[in-house]
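This report refers to the structure that appears directly beneath it.
Just so it is clear, the values below take in all heavy atoms, side chains as well, and ignore hydrogens, waters and symmetry mates. The shown structure was predicted, so the numbers you read here are calculated from the model rather than taken from an experiment.
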Amino acid sequence: MPTDLSARIGALDWPCLEQQLTERGHALVQALLDPDTCAALAALYPHTTLFRSRIDMARHGFGQGEYQYFAYPLPEPVATLRDAFYPPLSVIANRWHAALGLPLRYPAALADWLARCHAAGQRRPTPLLLQYGEGDYNCLHQDLYGEHVFPLQVAILLSRPGADFDGGEFVLTEQRPRRQSRAAVVQLRQGDAVIFAVHHRPAQGGRGIHRATLRHGVSEVRCGRRHTLGLIFHDAS
């Protein structure tokens, strides 16, 4: 399974995904995970020994619902997904930083990037499982956990829209200088992954390249239960 999954991610049409990310700040990967893998990942949620912490979103003003951050070592296939997505995303991240005139460059291997995070005191793993019930939602936000930030992340829907839950759409907003915010709703099916910008992306404007600021969230779940796997590539302080 891990080898097949790594090969599947490596074989994605990365030039097309990069074009979508550069133009819109997000890109869709359809049917990345099969239903059995989705169900197995969602079933990890009650196993508290796999996680380092649980967050009640209402308590912190983040929305309503809850999520848990995995502890190291990450379970399979979470570790494989994170390891396999990072190298092609690091190429895109470096192009984005070059376009924005930012000096930081990301190493080709996730282990080298995490070593940099850990040396700066960001040692807590950030991959997470999110669980929403009826009436739950996630406010628009950015997943920034310290000084070192990788500019792209991935969310994979583990539940079946229209069967396991209704509502709960993945939402992105983008703010460009001197313009009103633009919203996008990404329609996901079970096993689909959305790759998206953590906080900003390079955007072409009349005066050249500038930063477009993005936030993401989840609309209200009308009924049922929704599980999502989140892959963030910088660890937390």
Side-chain angles (χ1 to χ4, degrees), residues 17 20-33 35 37-39 41-46 51 53-70 78 81 85 126-145 149 151-176 179-201 203 212-233:
L17 293 173
Q20 293 178 52
L21 285 164
T22 301
E23 291 177 353
R24 294 182 282 181
H26 68 276
L28 178 64
V29 179
Q30 294 181 317
L32 177 68
L33 300 183
T37 303
C38 290
L41 283 167
L44 297 179
Y45 199 85
F51 302 94
S53 65
R54 172 185 169 276
I55 304 298
D56 182 331
M57 287 194 274
R59 179 182 176 186
H60 297 277
F62 297 161
Q64 189 165 303
E66 61 182 56
Y67 54 87
Q68 297 187 95
Y69 290 106
F70 284 103
V78 178
L81 285 162
F85 265 114
T126 49
L128 69 163
L129 268 183
L130 302 101
Q131 177 174 272
Y132 303 86
E134 183 175 348
D136 290 348
Y137 62 95
N138 198 345
C139 296
L140 294 170
H141 65 284
Q142 299 172 324
D143 291 312
L144 307 174
Y145 296 104
V149 175
L152 292 154
Q153 66 190 84
V154 180
I156 305 171
L157 182 61
L158 305 178
S159 305
R160 299 169 298 167
D164 297 325
F165 72 96
D166 283 315
E169 293 89 359
F170 183 83
V171 180
L172 286 159
T173 63
E174 179 180 279
Q175 176 64 57
R176 299 187 188 186
R179 295 188 183 184
Q180 303 234 2
S181 295
R182 178 175 67 176
V185 176
V186 183
Q187 299 291 343
L188 298 172
R189 297 176 296 180
Q190 184 184 44
D192 287 354
V194 57
I195 309 167
F196 56 100
V198 172
H199 56 345
H200 60 252
R201 70 174 182 90
T213 301
L214 290 96
R215 290 177 171 81
H216 65 279
V218 173
S219 68
E220 183 177 340
V221 173
R222 293 190 292 272
C223 65
R225 180 164 287 184
R226 179 190 192 274
H227 286 98
T228 306
L229 173 66
L231 301 173
I232 298 165
F233 299 94

For [X], check side-chain hydrogen bond (donor to acceptor under 3.5 Å, both in side chains) against everything at least two apart and list the hits.
X      : answer
Tyr67  : none
Gln131 : His227
Tyr45  : Glu66
Ser219 : Glu169

Point to revise | Non-neighbouring partners of Asp164 that pass salt bridge (Lys or Arg N to Asp or Glu O under 4.0 Å), sequence neighbours left out | key: Arg160
Point to revise | Non-neighbouring partners of Arg226 that pass salt bridge (Lys or Arg N to Asp or Glu O under 4.0 Å), sequence neighbours left out | key: none
Practice item. Please name all residues satisfying ring pair (Phe, Tyr, Trp, His ring centres under 6.0 Å) with His141, sequence neighbours left out, ordered by chain then number. Key: His216
Practice item. Could you list the residues that satisfy ring pair (Phe, Tyr, Trp, His ring centres under 6.0 Å) with Phe70, not counting sequence neighbours? Key: Phe51
Review point. To the nearest 0.5 Å, how far apart are CZ in Arg182 and CD in Glu174?
Key: 4.5 Å
Check your understanding: Atom CG of Leu231 and atom CD1 of Ile156: how far apart are they, to the nearest 0.5 Å?
Key -> 5.0 Å
Review point. Please walk me through it: do Leu128 and Ile232 pass side-chain contact (heavy atoms from CB on, under 4.5 Å)?
Key: CA-CA 8 Å; Leu128 69 163; Ile232 298 165; 3.9 Å; yes
Please table the atom pairs, donor to acceptor, closer than 3.5 Å between any side-chain atom in residues 187-198 and protein atoms at least two apart or in another chain.
{"unit_1": "Gln190", "atom_1": "NE2", "unit_2": "Leu158", "atom_2": "O", "d": "3.0"}
{"unit_1": "Asp192", "atom_1": "OD1", "unit_2": "Ala31", "atom_2": "N", "d": "2.7"}
{"unit_1": "Asp192", "atom_1": "OD2", "unit_2": "Arg189", "atom_2": "N", "d": "2.9"}

Partners passing side-chain contact (heavy atoms from CB on, under 4.5 Å) against [X] (at least two apart in sequence or in another chain):
X      : value
Arg24  : Gln20, His26
Thr173 : Leu140, Ala183, Arg215
Glu134 : none

**Study point:** Audit row: Val218, Val171, side-chain contact (heavy atoms from CB on, under 4.5 Å) steps and yes/no
**Key:** CA-CA 6 Å; Val218 173; Val171 180; over 6 Å; no
Heavy-atom pair of closest approach, residues [X] and [Y]:
X      : Y      : answer
Pro161 : Leu157 : CG-CD2, 3.7 Å
Leu17  : Leu28  : CD2-O, 3.8 Å
Cys139 : Gly61  : SG-O, 4.2 Å
Pro127 : Val78  : CB-CG1, 4.0 Å
Phe233 : Leu152 : CD1-O, 3.3 Å

Practice item. Kindly determine whether Leu41 and Leu33 satisfy side-chain contact (heavy atoms from CB on, under 4.5 Å), including the steps that lead there. Key: CA-CA 10 Å; Leu41 283 167; Leu33 300 183; 3.8 Å; yes
Side chain to side chain, [X] and [Y], heavy atoms closer than 4.5 Å:
X      : Y      : result
Glu220 : Asp136 : no
Arg54  : Gln68  : yes
Leu32  : Leu81  : yes
Asp166 : Val221 : no
Asn138 : Tyr132 : yes

Practice item. For the pair Leu214 and His199, evaluate side-chain contact (heavy atoms from CB on, under 4.5 Å) and give the outcome as yes or no after the intermediate values. Key: CA-CA 5 Å; Leu214 290 96; His199 56 345; over 6 Å; no
Practice item. Please step through side chain to side chain donor-acceptor pair (under 3.5 Å) for the pair Gln175 and Ser181, ending with a clear verdict. Key: CA-CA 5 Å; Gln175 176 64 57; Ser181 295; 2.7 Å; yes
